[in-house]
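Have a look at the structure below before the remarks.
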Amino acid sequence: MTAMPKAAQSTAPASRSLMVVLRALFLAEAVGGLVLAIFLSMLAGATGDEGTETSLRFAAGGAFLFAIFAAVASRGVRRRRSWAWTLGAVLQVILAIGTGLAVFIGAWHPAYLIGFAFAAVVMIVLSTASVRRALGQD
């Protein structure tokens, strides 16, 4: 027995598959954030400069928080919570800004495009009508 009305429980197959894709994307972002946090922490320990070490540890903490919030957004998508759409959109903006800062601060590398690609793909999936309807954004 659930508290949701029967009309809200039934979703179209297209919406259901897009929700699975969206959840998988959020989980991939969570795993990527966790891996990045571990990598940055290890890199910070290997540097000899105290200023660089502090900056890298701060970035690792931000990546870890991003991973936690991406996992929370994935859980919200699974339970069809309306806040999951907002949290997902905010996370994509943070991801794009963080990737942009990495491009400006570090030396350019094509691997930075992965951050922009993840943000773009998730925003495209979030913007589809069926996902917006399923998460109560219409």
Side-chain angles (χ1 to χ4, degrees):
M1 169 155 280
T2 63
M4 293 176 57
K6 291 288 184 191
Q9 286 180 354
S10 63
T11 57
S15 171
R16 196 170 306 129
S17 64
L18 278 176
M19 297 299 274
V20 169
V21 168
L22 182 61
R23 187 157 186 244
L25 287 170
F26 280 139
L27 287 175
E29 284 183 344
V31 168
L34 189 60
V35 168
L36 182 63
I38 291 169
F39 174 73
L40 288 174
S41 291
M42 290 174 32
L43 187 64
T47 62
D49 184 26
E50 186 177 325
T52 305
E53 180 181 352
T54 303
S55 297
L56 286 173
R57 293 211 187 271
F58 182 74
F64 185 71
L65 286 175
F66 183 86
I68 290 172
F69 285 124
V72 168
S74 172
R75 181 71 173 178
V77 167
R78 181 177 182 268
R79 295 188 175 263
R80 307 244 194 288
R81 303 288 192 233
S82 61
W83 53 261
W85 190 92
T86 305
L87 179 60
V90 169
L91 284 174
Q92 301 326 299
V93 170
I94 291 171
L95 178 60
I97 290 171
T99 304
L101 286 174
V103 167
F104 285 126
I105 292 171
W108 165 251
H109 192 275
Y112 289 137
L113 294 176
I114 294 171
F116 290 124
F118 258 113
V121 169
V122 172
M123 284 307 293
I124 289 170
V125 173
L126 277 174
S127 299
T128 59
S130 59
V131 169
R132 290 184 68 205
R133 192 175 313 107
L135 293 177
Q137 296 298 316
D138 274 343

Cluster check V125, V31: I/L/V/M/F/W/Y, side chain < 4.5 angstrom: no
Review item, side-chain donor-acceptor pairs of residues 101-123, under 3.5 Å, at least two apart:
residue, atom, partner, partner atom, Å
H109, ND1, A111, N, 3.0

Calculate, to the nearest 0.5 Å, the distance between atoms CD1 and CG belonging to I38 and L40 respectively. 10.5 Å
Between Q137 (side chain) and S82 (backbone), is there a donor-acceptor pair under 3.5 Å? yes
Could you pull out the closest heavy-atom pair between G33 and A67, with the gap in Å? C-CB, 3.9 Å
Between A73 and L91, the two heavy atoms sitting closest are CB-CD1, 4.2 Å
Quick one: does any side-chain atom of W85 pair with a main-chain N or O of R132 as donor and acceptor, under 3.5 Å? no
Examine F64 and M42 and state if one hydrophobic cluster contains both, with Ile, Leu, Val, Met, Phe, Trp and Tyr joined whenever side-chain heavy atoms are less than 4.5 Å apart. yes
Any idea which heavy atoms bring L126 and A89 closest together, and the distance? CD1-N, 3.7 Å
More than 12 heavy atoms of other residues, nucleotides or ligands under 6.0 Å from CZ of F66: yes or no? yes
Rounded distance (nearest 0.5 Å) linking atom OG1 of T99 with atom CD1 of I94: 11.5 Å
Checking S74 now: which residues fulfil side chain to side chain donor-acceptor pair (under 3.5 Å) with it, not counting sequence neighbours? R23
Rounded to the nearest 0.5 Å, what separation is found between the OG1 atom of T52 and the CZ atom of R57? 12.0 Å
Supply the atom-to-atom distance L87 CG to R81 CZ, rounded to the nearest 0.5 angstrom. 13.5 Å
Pairwise distance CD(Q92) to CZ(F26) - rounded to 0.5 angstrom: 5.5 Å
Using the side chain to side chain donor-acceptor pair (under 3.5 Å) criterion, which residues pair with T54? Sequence neighbours excluded. none
Would you check if V72 and W83 make a side-chain contact, meaning some heavy-atom pair closer than 4.5 Å? yes
Please report the shortest heavy-atom distance between A71 and A30, naming the atom on each side. N-CB, 3.9 Å
Co-membership, hydrophobic cluster, residues L95 and L27, 4.5 Å side-chain: no
I need the minimum non-hydrogen distance between R80 and A134, along with the two atoms involved. CD-O, 3.7 Å
When rounded to the nearest 0.5 Å, the distance separating CG of L43 from CG of L56 is 5.0 Å
